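For clarity, every value in this text was computed on a predicted model and none was experimentally measured.
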Amino acid sequence: MKYKKGWSLLLCTGLLLAAAGCGSSGNNGNGNKEAAEATKAPASAAATTAPTEDTAKPELKSLNLWSKDDYNTYPLAKVIEEKTGYKVKYEMLPADKAMDKLNLLISSGEPYDVITISGEKAVYTDYAKMGALVDLTPLIEEYGPNIKASISEASFDAVKVDGKIFAIPNSSSQFAGADLMIRQDWLDKLGLKTPTTLDEFTEVLKAFKEKDPGGNGSSGAPMSIDGGLATTANITGAFGIGTSWNKLDGKLVPPPLHPGFKEYLTYMADLYKQGLLDKEFAVNKDATLKEKFTSGKIGVIQLPWYDIPSVADALNANFPDAKFVYLPALKGKDGQMGLGMSGGFDRLTFIPKSAKHPEDAIKWINAKLDKDTFKLIAIGEEGKHHTYKDGIYSPILPLFTDERGNASNYLTGIDEKLYPIYWQARVQKDARLFAGFSYLNNELPAEARIADPLALAPSLPEYSKNNASLNQMINDFAVKVIVGEESPDAVDAFAEKYKAAGGEASYKEVNDWYAASGK
Amino acid sequence: MGTGVTDLKRKNNVKRVRTSSAGKWRLAWRNRDYYVLLIPGLLFLLLFKYTPLYGVLIAFQDFNIFEGVRGSEWVGLEQFHKLVQSEEFGRVFMNTLLISVYKIVLLFPIPVFIALVLNEVRLMFFKRTIQTIIYLPHFLSWVIISGLFVTILSTSGGLVNNIIQSLGGEPISFFVSNEYFRSLVVFTAGWKETGWNAIVFIAAIAGIDQEQYEAAAIDGAGRIRRMLHISLPGILPTVVLMFILRLGSVLDAGTEQILTMYNPVVYETADVIGTFVYRIGLGKMDYSFSTAVGLFNSVVGFILIISGNFISRKLLKRGIW
Amino acid sequence: MTKRTKGDLVLDTAVYFFLILLGVIMLLPLINVLSKAVSAEWAITSGKVGILPVGFQLDTMKEVISSSTFIRAFGVSVGVTVVGTIISILMTALTAYPLSKRLPGIPFIMVLFIFTMLFSGGLIPNYLLMRQLHLINNLWVLILPGMISVFNLLVIKSYYESLPEALEESARIDGAKTYTILFRIILPLSMPVIATIALFYAVGFWNDYFGPMIYINDTALKTLQLYLQDVVMDASAANAVNKSVDDLMNMSPEGIRAATVVASTVPILFVYPFLQKYFIKGVLIGSVKG
């Protein structure tokens with residue numbers, strides 16, 4: 001402590017104006033004192049909280065992901081405080097470089113009681129292995145009856161590290177998120193049926209190109225994709241690579257090692273060569289893609305259903321008669337098809353070793369999972385925020401969006417049976433959005449959707465570590481082949497590179513687990 | 001203090017005479033006022049810049065943030081090998097140098113030129129307006145600028161390609177062309193920073209004694225002559241300073257810019273050290289590797305600044321120090 | 001001033017033509033951002049907004065400016081920028097003065113400064129240092145480590161060196177001390193360069209988002225640039241990878257992003273015209289001498 005004070009003193013006296021600053025600013029002085037107490041506190045925390053726990057609930061400090069609303073002032077904060085009796089001070093990570101910041105905070109032992117981050121397990125597993133997190137197993141046993149009732153054994157198993165639970169997971173609803181959108185009015189104008197196979201789809205693109213139903217002149221290609229998503233939804237399904245790991249002969253196989261990858265690239269490169277795929281697709285970001293579609297330049301794009309309302313608004317403002325629909329899962333030559341589904345976890349909540357009130361944190365989480373409280377947090381009050389009819393919750397707008405739109409950010413663990421039902425209220429806030437969601441997930445037959453086989457896999461360190469850079473490699477290679485800079489035959493050479501860059505280790509790890517899980 | 005001044009002056013006039021070490025101390029003591037002024041700056045330097053410098057050691061470790069520098073494993077030069085040995089390094093290094101050199105050769109003189117030209121404007125309102133306008137692009141982030149240029153240069157309805165087509169040319173896909181991409185990078189960088197970089201030269205011109213211009217005018221010197229014989233020499237020290245400093249960042253070809261603008265099709269010509277390291281480090285939090293790359297860049301930059309200063313002192317009789 | 005000749009006229013025409021062309025090229029894209037901030041969302045999505053706004057509306061602008069997070073962050077940024085700029089100018093102007101003298105040890109000290117332009121300890125040691133100094137979550141952390149920018153130090157030092165030595169000598173003969181000379185003669189003559197580094201510092205403090213992102217945790221102490229960075233980067237593809245579908249549904253539309261860019265950039269743009277008067281007209285050294 002003396003040493004630290006010495007530095008502060010040096011700083012204050014040595015630097016001419018800083019001295020004036022340190023003296024005049026109450027803020028700085030208090031900051032020092034508070035911080036000094038904060039560093040002293042953890043040691044004595046266990047001793048002081050135990051006797052007072054019933055009389056006074058301590059203020060908890062929660063670290064969350066970035067949100068455009070301030071967690072502290074959003075109406076839900078008040079609701080949660082009233083229902084649980086805990087006052088919580090929320091802080092958030094930056095939107096960019098969030099994990100860099102989290103690393104600093106965790107490694108330097110900032111005293112957060114609860115930390116909620118995205119469902120990506122790599123970081124979490126690292127922390128757990130480093131001993132930076134509190135083992136929640138005994139705490140849940142003692143203080144978490146609601147937690148145990150709400151979250152399934154399977155979910156807990158997926159977040160266990162060395163047999164211990166270090167996090168409370170929010171499992172995500174499993175659904176198909178994106179598909180190809182096509183201009184229905186263009187099809188009608190040319191008297192074409194909605195394509196159901198890949199061959200029919202190609203014919204439609206050719207007809208769009210030749211007959212130009214959008215009136216764009218001959219230069220434009222009828223379809224475009226995002227340069228960062230060169231493995232297009234639906235089309236990949238027709239080649240058997242609808243998700244990032246696909247079943248093949250009893251193994252899970254990533255695209256570079258799957259024969260369908262080469263066929264897919266050959267097909268796309270052919271579209272590109274024929275001028276059916278946007279010449280500049282590699283440059284496309286999300287916004288450029290929507291711009292091209294809504295300004296009527298292209299007739300087919302990949303679109304996630306949550307983007308439907310903004311795209312529909314813009315398209316219809318420009319072309320009042322325009323209609324667009326999702327394509328059914330297109331069948332490939334062997335009848336293969338499918339849309340990849342999401343899965344896994346939306347959020348993980350954990351308690352760092354530096355927490356001052358780990359027990360209260362669990363009690364708080366437990367209180368939030370009380371049946372009524374959970375419902376109140378997730379979708380608000382009936383008649384005020386939502387209506388309930390025939391087993392369906394529908395939002396009352398705009399209050400639902402104003403006071404519950406941000407609710408998922410406050411969830412630390414979910415009721416796994418009820419939340420998927422509550423959650424659909426969120427999807428119902430716009431009828432067009434709901435129609436898109438419903439088409440992909442209720443109307444299409446079940447075999448048109450391919451579940452993510454890794455959704456409930458345990459922590460796989462090699463896979464987690466390399467996943468982001470390997471995916472980037474796959475995308476980069478796919479773009480190069482599609483534009484003709486590399487031949488589809490280069491896949492074999494690429495597969496070797498992929499293996500060397502960590503793909504081999506990931507493949508082994510994933511399949512060791514897959515074999516053991518006995519699916 | 002009177003003697004101090006004469007000492008100072010003598011030192012300036014007779015540089016070649018080597019002062020004895022005792023003489024140096026005497027000179028320093030007589031000018032102690034100056035050294036006192038340096039104390040706050042040096043304390044600042046020590047505390048905020050030199051204290052954390054042990055962090056470069058991370059480059060020689062397999063750093064683990066929980067173990068800290070003390071507890072992490074030492075791996076020698078392994079991180080540097082990882083960078084230099086990778087298959088792409090040669091290409092990436094060449095791209096970095098090329099883009100950087102293009103940027104220096106093509107973009108460095110423009111702000112100087114603009115400052116000289118602006119000095120010839122006599123309409124104050126016009127001068128101020130133009131100055132303000134050209135510095136504006138500096139404030140937009142690359143994400144936004146890159147989005148704007150994608151739209152302007154698009155082959156389907158972009159402004160530039162519309163003009164090219166109306167003149168009878170074939171549309172050019174600037175963003176996916178290995179032929180044009182580097183030019184695009186240099187041009188947009190110039191567009192963003194030229195006005196901002198001109199400020200320091202504009203200020204330097206303002207520091208020239210107005211009496212010089214008046215005296216020259218009386219001697220019958222025209223405006224071009226005054227520009228070349230008063231303005232230009234007047235800002236030369238600033239130009240030299242800026243140029244030497246610019247050399248220091250030669251291995252940063254504009255990572256943030258290229259990251260928002262490039263795509264796999266133009267990796268061949270556009271992938272630079274910064275973007276390459278970004279891609280292979282995705283999702284990995286490899287502190288040691290990124291520190292090693294940073295250190296590599298710094299060492300090269302420092303050597304260039306030292307040599308630049310040396311050459312400048314030999315040729316132009318002036319340098320940063 | 002001398003009489004205008006034919007040559008002057010040609011030169012003037014060329015100069016004005018060149019500058020107007022330059023101004024237009026620089027201005028158009030900015031107008032585009034401004035127009036997006038006041039256009040209808042559908043028009044932005046479909047890329048209809050060029051120079052002029054389409055579907056003009058001020059609701060997004062109002063929504064951004066009236067949000068409490070924005071107002072608070074704006075206040076923090078103004079405070080940090082004003083205080084930081086004043087402190088930095090003083091520190092830099094004072095430190096640069098001795099460095100402009102040919103005295104024993106000065107070249108070595110120059111190298112010490114320049115060394116730090118290239119070599120830094122990196123993120124983690126800096127964070128640990130700020131922690132030890134109890135500067136985490138304290139607004140001084142945004143000011144103190146940036147008090148002297150070596151670049152600005154060199155700019156001002158090089159300016160001092162260009163001032164005629166005779167000025168100081170005559171003052172010394174009149175019996176003036178070093179500090180008197182600095183404050184009475186050198187600094188008043190250095191207004192153009194002080195205005196320049198004031199601009200550089202102000203823009204530097206205002207635009208800094210990395211410092212606040214790393215060293216500030218408390219939502220109430222976040223600066224405007226950090227807020228802007230968050231809003232803009234939230235939508236970037238790299239950050240979308242780990243987002244849940246609820247996060248994606250809650251994403252700000254592009255109009256909000258454009259409006260945030262405008263609202264957080266326009267204030268700092270006014271600094272330059274304000275400082276311009278100090279370097280639009282050259283100095284008259286004679287006036288100080290006399």
Proximity breakdown for [X] and chain B, heavy-atom pairs closer than 4.5 Å:
X: A:Met99; value: both
X: A:Asn284; value: neither
X: A:Glu291; value: side chain

Could you give the distance from [atom1] ([X]) to [atom2] ([Y]), rounded to the nearest 0.5 Å?
X: B:Ser154; Y: A:Asp278; atom1: OG; atom2: CG; answer: 8.0 Å
X: B:Ser146; Y: A:Lys285; atom1: OG; atom2: NZ; answer: 4.5 Å
X: B:Leu282; Y: A:Gln472; atom1: CG; atom2: CD; answer: 5.5 Å
X: A:Lys465; Y: B:Met285; atom1: NZ; atom2: CE; answer: 14.0 Å
X: A:Ser107; Y: B:Ile65; atom1: OG; atom2: CD1; answer: 3.5 Å
X: A:Asn475; Y: B:Arg279; atom1: CG; atom2: CZ; answer: 11.0 Å

Does any backbone or side-chain atom of B:Ser177 lie under 4.5 Å from a heavy atom of chain A? Answer side chain, backbone, both or neither.
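Neither part.
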
Part of B:Tyr287 within contact of chain A (heavy atom distance under 4.5 Å)
side chain

Tell me, out of B:Thr151, B:Asn178, B:Asn64, who's got the most heavy-atom pairs with chain A below 4.5 Å.
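Going by pairs under 4.5 Å, I would pick B:Asn64.
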
Nearest heavy-atom neighbours spanning B:Thr155 and A:Glu280
OG1-OE1, 2.9 Å

Mind listing the closest non-hydrogen atom pair of A:Ala282 and B:Val265 along with its distance?
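That closest heavy-atom pairing would be CB-CG2, 3.6 Å.
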
In residues 70-99 of chain B, which residues are in contact with chain A at a heavy-atom separation under 4.5 Å?
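From residues 70-99 of chain B, the residues near chain A are B:Glu87, B:Glu88.
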
Does some side-chain heavy atom of A:Lys279 sit less than 4.5 Å from a side-chain heavy atom of B:Val176?
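They are not in side-chain contact.
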
Indicate yes or no: at least one non-hydrogen side-chain atom of B:Lys284 is less than 4.5 angstrom from one of A:Asn466.
yes

Do you know which of A:Gly131, A:Ser469, A:Ala468, A:Ala122 has the most heavy-atom pairs under 4.5 Å to chain B?
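The option with the most such pairs is A:Ser469.
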
Listed by chain and number, what are the side chain to side chain contact (heavy atoms under 4.5 Å, CB included) partners of A:Ala287, not counting sequence neighbours?
C:Glu254

Mind running side-chain contact (heavy atoms from CB on, under 4.5 Å) on B:Phe66 and A:Asp126 for me, showing each step along the way?
CA-CA 10 Å; B:Phe66 290 94; A:Asp126 254 11; 5.8 Å; no

